[in-house]
Amino acid sequence: MFEDVCEIVIVAGRRLVDKVNSRFTVETKGSDMDLVTEMDKKTEKYITEEIKRDFPEHAVFGEETVEEIGHDKMLEMLETHPNLWVIDPIDGTTNYVHGLPGYTISVALYCKGEAAFGIIYDPVANELFIAERGKGATLNGEAIHVSGQGSLAESLVSTGVPAKYESDRNHVLEGYVKIAPLTRNVRTFGSAALHCAYVASGRLDAFWEWGVNIWDIAAGRLIVEEAGGSVYQLDGSDVRFEFPNFTCTNGKIDEEWKETFASIHGFL
């Protein structure tokens, strides 16, 4: 059913790779650390138009058009719309601007609040992560599963550095200082979607971040779940569409993981 959407995303990703070293406009959204390029906008427009051509009755919104919809309307649509596509045209725009790998395209279908289908595409590595509700997760057509690591000390974990410095970024840095000594190491690749995909495929054992938005993890949360992992907020509660933070794990280190963040942030 979704083969055409996969091809749309692959074509969009290849266009990004072709243009990464060319001249394109770069703007900021609220701060010098929150970037948007003309390629973000063009990619979102292309994916939106192609999805609407294949599924004319479906609704679509993306990171670069959500302001047109409005925050409250976005939340309402996520909860109630029978078929809503959520697009992050470039997750890892800062990487893209600097010519670094690690940027992805993330696309997900939500049906009345539940993720039904998700794609994360890393065009530099040509890796396509896909999940459909109840059908497992795959990487380039092969089934993937979370890792078997059972302790935090043996785990390789990851985080992202959010744009909001005084609040979200400080929380991440505080967590990094406390978590790094407890784990094998910490990685930061610059894309929340990619971190989720790496947890799902067993390359990482956990990921956490403050200041994420629904488009950052719309596909990733489903891919992790379908690969056998866990997703929740750092206080252990279920993920909501309006959330201050997000984490996903292999499902086997959850007790230690939750206890660690409870001690850091005073949860529970």
Side-chain angles (χ1 to χ4, degrees), residues 1-10 12-13 40 43-92 104-121 128-138 144 160 191-197 199-200 207 209 211-233 237-248:
M1 177 180 177
F2 300 115
E3 291 85 357
D4 288 347
V5 179
C6 294
E7 186 59 33
I8 290 165
V9 171
I10 290 170
D40 291 81
T43 300
E44 184 170 315
K45 184 174 185 290
Y46 168 73
I47 295 173
T48 298
E49 289 176 348
E50 293 298 310
I51 287 176
K52 290 292 287 184
R53 184 176 291 114
D54 288 344
F55 303 99
E57 73 282 9
H58 290 194
V60 183
F61 80 77
E63 178 180 6
E64 307 311 328
T65 54
V66 70
E67 287 188 6
E68 299 172 13
I69 299 171
H71 182 263
D72 292 342
K73 182 64 175 178
M74 176 194 74
L75 294 177
E76 178 187 344
M77 291 174 69
L78 283 164
E79 292 284 1
T80 63
H81 202 285
N83 293 288
L84 173 65
W85 292 90
V86 182
I87 303 170
D88 193 341
I90 307 179
D91 188 41
T104 61
I105 298 174
S106 172
V107 178
L109 174 64
Y110 276 70
C111 303
K112 294 184 178 179
E114 182 174 72
F117 179 73
I119 306 170
I120 296 170
Y121 183 49
L128 187 71
F129 300 84
I130 300 174
E132 189 170 353
R133 175 69 64 184
K135 296 185 178 181
T138 62
I144 55 173
S191 164
L194 192 62
H195 288 138
C196 289
V199 171
F207 160 63
E209 188 170 343
V212 290
N213 295 292
I214 180 59
W215 47 84
D216 298 313
I217 54 89
R221 62 182 293 192
L222 177 63
I223 294 171
V224 170
E225 288 177 327
E226 287 295 317
S230 300
V231 300
Y232 45 89
Q233 298 191 156
S237 63
D238 292 340
V239 175
R240 302 184 297 274
F241 292 129
E242 190 173 23
F243 41 82
N245 53 60
F246 171 82
T247 187
C248 59

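Computed from a predicted model, the values in this text were never measured in an experiment.
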Spacing of Ile217 atom CD1 and Phe241 atom CZ [to the nearest 0.5 Å]: 8.5 Å
Phe55 side chain near Val5 side chain, heavy-atom distance below 4.5 Å: yes
Spatial distance of atom CD1 (Ile214) from atom OG (Ser106) [nearest 0.5 Å]: 9.0 Å
Minimum side-chain heavy-atom gap Ile223-Cys196 below 4.5 Å: no
Any side-chain heavy-atom pair of Arg221 and Cys248 under 4.5 Å: no
Smallest separation among heavy atoms of Glu209 and Gly160, with atom names: OE1-CA, 3.5 Å
Non-neighbouring partners of Glu76 that pass side-chain contact (heavy atoms from CB on, under 4.5 Å), sequence neighbours left out: Lys73, Thr80
Approximate separation, where rounding is to 0.5 Å, of Leu75 CG and Ile69 CD1: 11.0 Å
Validation row: Leu78, Phe61 side chains within 4.5 angstrom (heavy atoms): yes
Residues forming a side-chain hydrogen bond (donor to acceptor under 3.5 Å, both in side chains) with Asp91, sequence neighbours excluded: Ser191
Test salt bridge (Lys or Arg N to Asp or Glu O under 4.0 Å) applied to Arg133 - qualifying residues, sequence neighbours left out: Glu225
Side-chain heavy-atom pair Glu50, Glu7 within 4.5 angstrom cut-off: no
Residues that Glu226 engages under side-chain hydrogen bond (donor to acceptor under 3.5 Å, both in side chains), provided they are two or more places apart: none
Non-neighbouring partners of Ala12 that pass side-chain contact (heavy atoms from CB on, under 4.5 Å), sequence neighbours left out: Thr43, Tyr46, Ile47, Ile105
Residues which pass side-chain hydrogen bond (donor to acceptor under 3.5 Å, both in side chains) with Tyr110, listed by chain and number, not counting sequence neighbours: none
Atom pair CG (Asp72) and CE (Met77), whose distance is rounded to the nearest 0.5 Å: 13.0 Å
Test side-chain hydrogen bond (donor to acceptor under 3.5 Å, both in side chains) applied to Ser230 - qualifying residues, sequence neighbours left out: Asp254
Side-chain donor-acceptor pair present, Thr48, Glu44, cut-off under 3.5 Å: no
Test side chain to side chain contact (heavy atoms under 4.5 Å, CB included) applied to Ile8 and Val107, step by step: CA-CA 10 Å; Ile8 290 165; Val107 178; over 6 Å; no
Euclidean distance, Thr104 OG1 relative to Ile119 CD1, rounded to 0.5 Å: 12.0 Å
Flag side-chain contact, heavy atom, 4.5 Å: Trp215 against Glu64: no
Pairing residues for Tyr232 by the ring pair (Phe, Tyr, Trp, His ring centres under 6.0 Å) criterion, not counting sequence neighbours: none
Heavy atoms from other residues, nucleotides or ligands near NZ of Lys52 exceed 12 (cutoff 6.0 Å): yes
Sequence-distant partners of Glu49, side-chain contact (heavy atoms from CB on, under 4.5 Å), two or more places apart: Lys45
Value rounded to 0.5 Å, distance of NE2 in His195 from CG in Asp216: 11.5 Å
Those residues that, when tested against Ala197, pass side-chain contact (heavy atoms from CB on, under 4.5 Å) (two or more places apart): Ile120, Phe129
Ring geometry between Phe117 and Phe2 (parallel below 30°, tilted from 30 to 60°, perpendicular above 60°): parallel
